[in-house]
Amino acid sequence: ATSSRKSLGGSKLLPSKNDGGHCVLGDLQCCFTRSVPRHNPDNGEDAHRIAPSPVVHVRGLCESVVEGDLVEALEKFGNICYVMMMPFKRQALVEFEAMESADQCVTCGVNEAVYIAGQQAFFNYSTSKRITRPTNADDPSSGNKVLLLSIQNPLYPITTDVLYTVCNPIGNVLRIVIFKRNGIQAMVEYPFWSQKAKSALNGADIYAGCCTLKIEYARPTRLNVLRNDNDSWDYTKPFLVRRERGKGRQRQAILGEHPSSYSDNGYGSHCPLLPLPSNNRYKRSSPHDAQEVVAYPLPQTSSYMGHASSSSVAMVSGLHPAKMNCTRIFNLFCLYGNIEKVKFMKSVPGTALVEMGDEYAVDRAITHLNSIKVFSKRLNVCVSKQHAVIPSQVFELEDGSSSYKDFAMTRNNRFSSVGQASKNIIQPPAAVLHFYNVPPCITEDELQRLCTEHDVPGFIKFKVFDAKPSSKTISGLFEFDNKTHAVEVLTVLNHHQIRIPSKYCVLLQRE
């Protein structure tokens, strides 16, 4: 018989023991990591347990796959109506015109290896009978000349110049509009049906490992652009310069506009990074229009020098009044950027302002934390109109803590240097947490008890990574029943000081 709680990746569970006596050792630290599959994809026995559907669920994709790769590999089974990419999960949904085509795809995947972009993929029927499209079109093959781009994991600035450089090699871009309501999204208008651009770019990374494009057809059939700047541009009307209305004389700057080492668009010189594949789906129909190299702007480590319309302050509403405080907001938001200050608003219960290191940290937080559930309440994260958090009207929260806290000098900020920031892997919330900086003598039972004592869900699987005998800390993975449980545990226990038996461990200092 096997234990009901299995370790991830086949590792042995830690033995449980209770030694009594304790001292403060160090801080438990957590971050989200990619979910670990609960089943073996090589086992095709469960392929037909789900009712047959024209929509096929594809998993096991490589990170570099785009929509065009799926179409190229699967169109042999029949005509494909629509593809929805899920790049962070390395999965996709593919909708065929006929049920027979989906049957052939699933059956072939069980009986023999099917490769997509050089990697074996696995197939099953989807529980959906049709992929929902933003256009809500009745015709499953209908499209639009306007694409809706959602930029996931936006570590670097996204401007009209960046998107034009990415999208224009596939076809002439007419207009671009960028908006930041729920993360960073943009609409790109082509002069023709934009299926070719969607196929070539859907699932691709603008920069290596980040700024991933998720592309769908947009509802509007034409974009209305009022001015040409970093957030919108009409390439058919170059005269639409940005106008500053209602402003008098500008304030004098001591050193002028900006250092000469910066260009006007904030990125510096352009540099060719990625050659276009030879496959013709990536190129324009006319050979003389095709560019052999896509020139992407190089991201800079310095602040963006263009016309920034966003703020480094996020407004968070939907907070549980009894279970959320400044420290717990820090524990959650610090995964996406440095936290300077947190302040709860007395006039708006359940709402707080979070001042982060820069506006891009706010963009990352919005992308990954907006609309997630924490303590049965759904968070709403958006850009605040405030440009700084002022410690005014400080009051006591329900748990007795202060409504304002300054985190500027805390050692738990994870983006304080370029080297430190490069070690952070930005991930959306998931059911698996990566923990580290934990004393090696702690047991699984003690960690479960820690969850119980703080009234958060316990983990269902537990794995410890192999460490050197001389290592003073260990790291590993927790898996929970669902994403919400993992978010609540991270919110409460991230940076928690663990008390452990003093006779087994010595006091640790964080490096």
Side-chain angles (χ1 to χ4, degrees), residues 87 147-169 173 175-188 201 204-215 225 227-233 235 242 257-274 294-314 333 335-338 340 354-370 381-384 387 414-418 421-422 424-426 428:
L147 294 178
L148 173 63
L149 281 61
S150 298
I151 294 86
Q152 301 176 333
N153 198 13
L155 296 184
Y156 299 113
I158 301 298
T159 66
T160 49
D161 284 344
V162 173
L163 294 182
Y164 182 84
T165 308
V166 170
C167 299
N168 198 60
V173 172
R175 299 169 189 89
I176 297 175
V177 175
I178 300 173
F179 46 97
K180 301 179 180 180
R181 295 191 193 96
N182 298 313
I184 299 180
Q185 292 182 302
M187 291 188 185
V188 178
L201 298 175
D205 291 345
I206 296 179
Y207 299 108
C210 64
C211 302
T212 304
L213 295 173
K214 181 179 179 181
I215 304 178
V225 176
R227 63 178 182 270
N228 290 343
D229 58 19
N230 288 318
D231 293 327
S232 63
W233 204 285
Y235 296 94
R242 178 169 180 166
E257 288 292 326
H258 53 72
S260 58
S261 59
Y262 292 100
S263 64
D264 289 337
N265 65 9
Y267 285 98
S269 60
H270 284 52
C271 175
L273 295 181
L274 300 179
V294 180
Y296 290 94
L298 283 173
Q300 301 290 321
T301 57
S302 56
S303 299
Y304 176 62
M305 301 299 294
H307 302 289
S309 60
S310 56
S311 164
S312 60
V313 178
F333 278 71
L335 272 62
Y336 303 106
N338 283 347
E340 300 290 329
V354 182
E355 183 177 340
M356 305 190 73
D358 52 52
E359 59 265 33
Y360 309 117
V362 173
D363 289 338
R364 293 193 292 269
I366 292 173
T367 299
H368 296 303
L369 298 180
N370 187 42
V381 186
C382 62
V383 179
S384 172
H387 290 277
R414 306 182 183 188
F415 295 79
S416 299
S417 67
V418 175
S422 64
N424 296 308
I425 301 176
I426 306 298

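The structure presented is a predicted model; accordingly, all values stated were derived computationally and were not measured.
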Measure the spacing between CD of Gln152 and CD1 of Ile184 and express it to the nearest 0.5 Å. 11.5 Å
Please check this pair: side chain of Asn338 against backbone of Phe415, looking for a donor-acceptor N/O pair closer than 3.5 Å. yes
side-chain contact (heavy atoms from CB on, under 4.5 Å) assessment of Asn168 paired with Tyr235: CA-CA 11 Å; Asn168 198 60; Tyr235 296 94; over 6 Å; no
Looking only at non-hydrogen atoms, find the nearest pair between Ser311 and Ser384 and report the distance. CB-O, 3.3 Å
Give the minimum heavy-atom separation between Cys167 and Leu149, together with the two atoms involved. SG-CD2, 4.1 Å
Give the minimum heavy-atom separation between Ala361 and Gly337, together with the two atoms involved. CB-CA, 3.8 Å
With the side chain counted from C-beta on, respond yes when Pro157 and Val162 share a heavy-atom pair under 4.5 Å apart, and no when they do not. no
Side chains of Ile158 and Cys211: closer than 4.5 Å at any heavy-atom pair? yes
Nearest 0.5 Å, please: how far is CD1 in Ile366 from CD in Glu359? 11.0 Å
Distance in Å, Leu148 CG paired with Ile215 CD1, rounded so as to fall on 0.5 Å steps: 9.5 Å
CD1 of Ile176 to OH of Tyr164: how many Å apart, nearest 0.5 Å? 8.0 Å
Could you measure the distance from the OG1 atom of Thr159 to the CG atom of Asp231? Nearest 0.5 Å is fine. 8.5 Å
For the side chain of Thr160 and the backbone of Asp229, is there at least one donor-acceptor N/O pair under 3.5 Å apart? yes
Taking only residues two or more places apart in sequence or in another chain, which ones pass side-chain hydrogen bond (donor to acceptor under 3.5 Å, both in side chains) with Thr212? Asp205
Main-chain N/O of Ile426 paired to Asn424 side chain as donor or acceptor, under 3.5 Å: no
Any non-hydrogen side-chain atom of Val313 less than 4.5 Å from a side-chain atom of Val354? no
How many angstroms lie between CD1 in Ile151 and NZ in Lys180, if you round to the nearest 0.5 Å? 10.0 Å
Which atoms form the tightest heavy-atom contact between Ser312 and Asp358, and what is the distance? CB-C, 3.7 Å
side-chain contact (heavy atoms from CB on, under 4.5 Å) for Val166 and Leu213? Distances and angles first, verdict last. CA-CA 10 Å; Val166 170; Leu213 295 173; 4.2 Å; yes
Please check this pair: side chain of Ser232 against backbone of Arg227, looking for a donor-acceptor N/O pair closer than 3.5 Å. yes
List the residues meeting ring-ring contact (aromatic ring centres under 6.0 Å, His included) with Tyr336, not counting sequence neighbours, and say none if there are none. His368
With sequence neighbours left out, what residues match Ser150 under side-chain hydrogen bond (donor to acceptor under 3.5 Å, both in side chains)? Gln185
Within-4.5 Å side-chain heavy-atom neighbours: Val177 and Val225: yes
